[in-house]
Every structure is written in structure tokens, then in C-alpha cells.
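One structure below.
Sequence lines set the chain letters: A, B, ... in the order given, protein chains first and strands last, and positions in each chain run from 1.
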2 protein chains.
Amino acid sequence: MIELDGFDRKLLASVQADASATNQEVGDRIGLSASQVSRRRQRLEAAGVIRRYRADIDPAAVGLDVIAFVGVSLATHSPQNASRFQKLIKALPEVQEAHMLTGDMDYLLKVAVPDLKALSSLISDDLLPHEAVQNVKSFIAMETLRDDNQLPFESP
Amino acid sequence: MIELDGFDRKLLASVQADASATNQEVGDRIGLSASQVSRRRQRLEAAGVIRRYRADIDPAAVGLDVIAFVGVSLATHSPQNASRFQKLIKALPEVQEAHMLTGDMDYLLKVAVPDLKALSSLISDDLLPHEAVQNVKSFIAMETLRDDNQLPFESP
DNA sequence: AGTGAAAAACAATGGCG
DNA sequence: CGCCATTGTTTTTCACT
């Protein structure tokens, strides 16, 4: 695990909110020169703290009007079952997030699809037929209040 | 709603996966010249299809070892209640996503915190004391299989 | 660890086919 | 829409604290 000082944390907070800012702008914001921002940024990229840069796209603008969460329970909890299921969800393009959970649901998926028909077909044609899957429960997002996925940075 | 052709879709798929690629590199990938990539990109940004650019940071690298989902039920469903609650979750830095749902849970929050103590304190000190909140149910992510938040782009 | 200035790479426009 | 040339920015490296 890499050591992060106050500048690193401010830098990370800045670029996770807006990666289109130039090193000069970031530097002005956090009190550092552009060259230092560049050097620190490279270090954080190499260390894997910054995993990648992405464009955040409005789902509705590309025809993806349904965001839903799908809770999945597996039939049995054998390692083979789990790995087969994990392979499946890594291959499904509609899946935006997939987490293995504590509690009564085994997995929680966040999916983006054009309409309810597509959600229904994802569940009926892709998830339920899979041997490892016992049952699924879906929750449709009527409204997304936040989806910025911003991590909080402690003050120290 | 803006019209998107095949090039736009390919461009979006490319920059959502990797926004650090130069226009030249994106152009090579999707079969377009750098200048055209630049023009189309500006159009997509202006239209709000590309909402922003962000750095994707590894939560564990900055000490956020617990990712959890918190389902929240509101006490009553008055508009005042809902708006007070929405204000609260927009102000909480630990919240990465917040969705209003169909089904038995009213809201689903995705949160990132340093440890279980912080999760417990978020629930006990911030969520439960709020007048609008009836009860919460939390699910801890033991393992995150995917969190790329990549939207699928249809082939046409 | 930091700055500032020079060199190299890139983005953004405009004109033309 | 490709190609090319131009201009202004931006990143990166280097010399120097």
C-alpha cells in the first residue's frame, strides 16, 4: 500500500471530480505547480491508486432508460457454482456493477437496459436459466439521485 | 434528444472505457481522423451525452475498505419527508450512489467507508435519527466483481 | 519536495477535396 | 468525412533550489 500525503489526497479528490482539468488548474486548486501535479499523478497511476480515466455518459441519452438492481441467490454454494456464475456476469454487457454480498442475497447486480422488456429478458434468458442461479429479485430505479461514485477523502 | 450514429456510439464506447486516449488513438480505434473525433466529442459534450470526465480511484488504496449497500424505508411518504431525506443523502460524502426504487425498499444507497465502525456510525448517527427514516437494512460487499459502470452500446 | 522554463505532444480550427 | 497546416495549450522533462 502506497503512502499518501495531503497533496495526494487533494489531487485525487480533484481528478475524481473532474479529470478534464489541466495539471495547471489542478495545481492552482491544491497549491502545487503543474509539474508536481504531473509527477504525483504518474506516481498514483503507476501505483494503481488511479485505476483509469473514464468519460461519464448519460444513460438516457444513449437509450438506456432503465437502471435496475438485481439480487441473485445461488442454488448451492459450491465453488464451481460460484465461479460459473461469476463468469456469466462478467460476460454480460448490461451489468455495470456486480458485488458479492453478506446477508440473504448472494449477489447484487446493477444493470442498465433500454426498457423493461430488456430487463425481463436479461433475467429470464440469461440469469434464471443458469444452473447456478436459484432465484432473482429485481428493483427498478425510478429515479437516480446520485450516481457520481465519488469516494470521500478524509480531512487529515 | 440528440441523434447518434455508429461513429458516435463507437466513440462513446471508447472514451467511457478509456478517457486518457488521445483523439488520434480513439480515431485509430474507431476508424475516424483525429479532427473528426475532436469535433464529435465537443458535440457530445455540449449535448450532455458525455457528462464529465473522471479519474477512477481504487477505494482500498485510499483506506476505504468497506463498500456497502443500504436499503432505506421512509416512515411516511409525504413530499416533505422525501425531500428532506434527499437533501440528507446528497450531503453525505460517504454516499456514492443513491437510487429511489420500486418494491419494498424506498431507497438504495451505495456507500464507501473505511471500516465497519464507520458504516455503523453512518447508519446510527446519520440515517436512523433522521425523522423521515423508518428503518434501514444493510448489505456489505464482501467482494466486488465489477464496478466499471460501463454502459452497453447496441451494435447498430 | 518543490519551482520555473524549455521541449515535445496534443487539441482545436479552418480550408480544401 | 479525410487530409493538411496552423495555432495555442498542455504535458513532460530538465536544471536548479
Side-chain angles (χ1 to χ4, degrees), chain A residues 1-58 61-63 148-151 153-156, chain B residues 1-58 60-64 148-151 153-156:
Chain A
M1 189 93 110
I2 194 182
E3 279 296 312
L4 303 178
D5 67 9
F7 283 127
D8 290 320
R9 268 190 278 270
K10 282 186 196 161
L11 195 163
L12 291 170
S14 174
V15 295
Q16 84 162 339
D18 178 14
S20 71
T22 67
N23 287 340
Q24 183 64 56
E25 288 167 336
V26 174
D28 290 348
R29 235 167 266 162
I30 71 179
L32 222 50
S33 66
S35 50
Q36 290 310 310
V37 173
S38 172
R39 196 176 61 71
R40 280 172 182 269
R41 208 198 265 232
Q42 285 176 305
R43 179 171 151 268
L44 293 167
E45 288 162 6
V49 179
I50 297 177
R51 296 194 286 205
R52 56 200 255 268
Y53 295 91
R54 10 181 282 105
D56 180 355
I57 294 167
D58 179 7
V62 296
D148 43 78
N149 271 278
Q150 299 248 121
L151 302 173
F153 285 92
E154 328 91 272
S155 336
Chain B
M1 189 92 112
I2 193 181
E3 278 297 311
L4 303 178
D5 66 10
F7 284 126
D8 289 320
R9 268 190 280 270
K10 281 186 195 161
L11 194 164
L12 291 170
S14 173
V15 296
Q16 86 161 339
D18 178 13
S20 72
T22 65
N23 287 340
Q24 182 65 55
E25 288 167 337
V26 174
D28 290 347
R29 233 167 266 160
I30 70 178
L32 219 52
S33 66
S35 51
Q36 295 308 315
V37 172
S38 173
R39 282 187 241 266
R40 280 173 182 270
R41 209 199 266 233
Q42 285 177 299
R43 179 171 152 269
L44 293 165
E45 287 162 7
V49 178
I50 296 176
R51 295 194 285 204
R52 58 199 254 267
Y53 295 92
R54 18 180 275 102
D56 180 356
I57 294 165
D58 180 5
V62 296
L64 297 164
D148 42 76
N149 270 278
Q150 298 249 120
L151 301 174
F153 285 93
E154 329 92 272
S155 336

Base versus backbone protein contacts along nucleotides 4-17 of chain D [heavy-atom cut-off under 4.0 Å; B, S, -]: B-----SSBB----
For A:Ala19 against B:Ala55, the heavy-atom pair lying closest together: CB-N, 3.7 Å
Flag side-chain contact, heavy atom, 4.5 Å: B:Leu12 against B:Leu4: yes
Quick one: [X] [atom1] to [N] [atom2], roughly how many Å, whole number?
| X | N | atom1 | atom2 | result |
| --- | --- | --- | --- | --- |
| B:Leu44 | C:dA12 | CG | P | 13 Å |
| B:Leu32 | C:dA12 | CG | C1' | 15 Å |
| A:Asp5 | C:dG2 | CG | P | 7 Å |

Under the side-chain contact (heavy atoms from CB on, under 4.5 Å) test, residues paired with A:Arg29 that sit two or more places apart: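 So A:Arg29 forms a side-chain contact (heavy atoms from CB on, under 4.5 Å) with A:Ser14, A:Ala21, A:Glu25.
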Partner residues of B:Arg39 under the side-chain contact (heavy atoms from CB on, under 4.5 Å) criterion, sequence neighbours left out: B:Ser35, B:Gln36
Among A:Arg54, A:Arg51, A:Gln16, side-chain hydrogen bond (donor to acceptor under 3.5 Å, both in side chains) partner for B:Asp56: A:Arg51
Sugar-phosphate only, base, or nothing, as touched by B:Gly31 at under 4.0 Å among non-hydrogen atoms: sugar-phosphate
Under-4.0 Å salt bridge between B:Arg43 and B:Asp8: yes
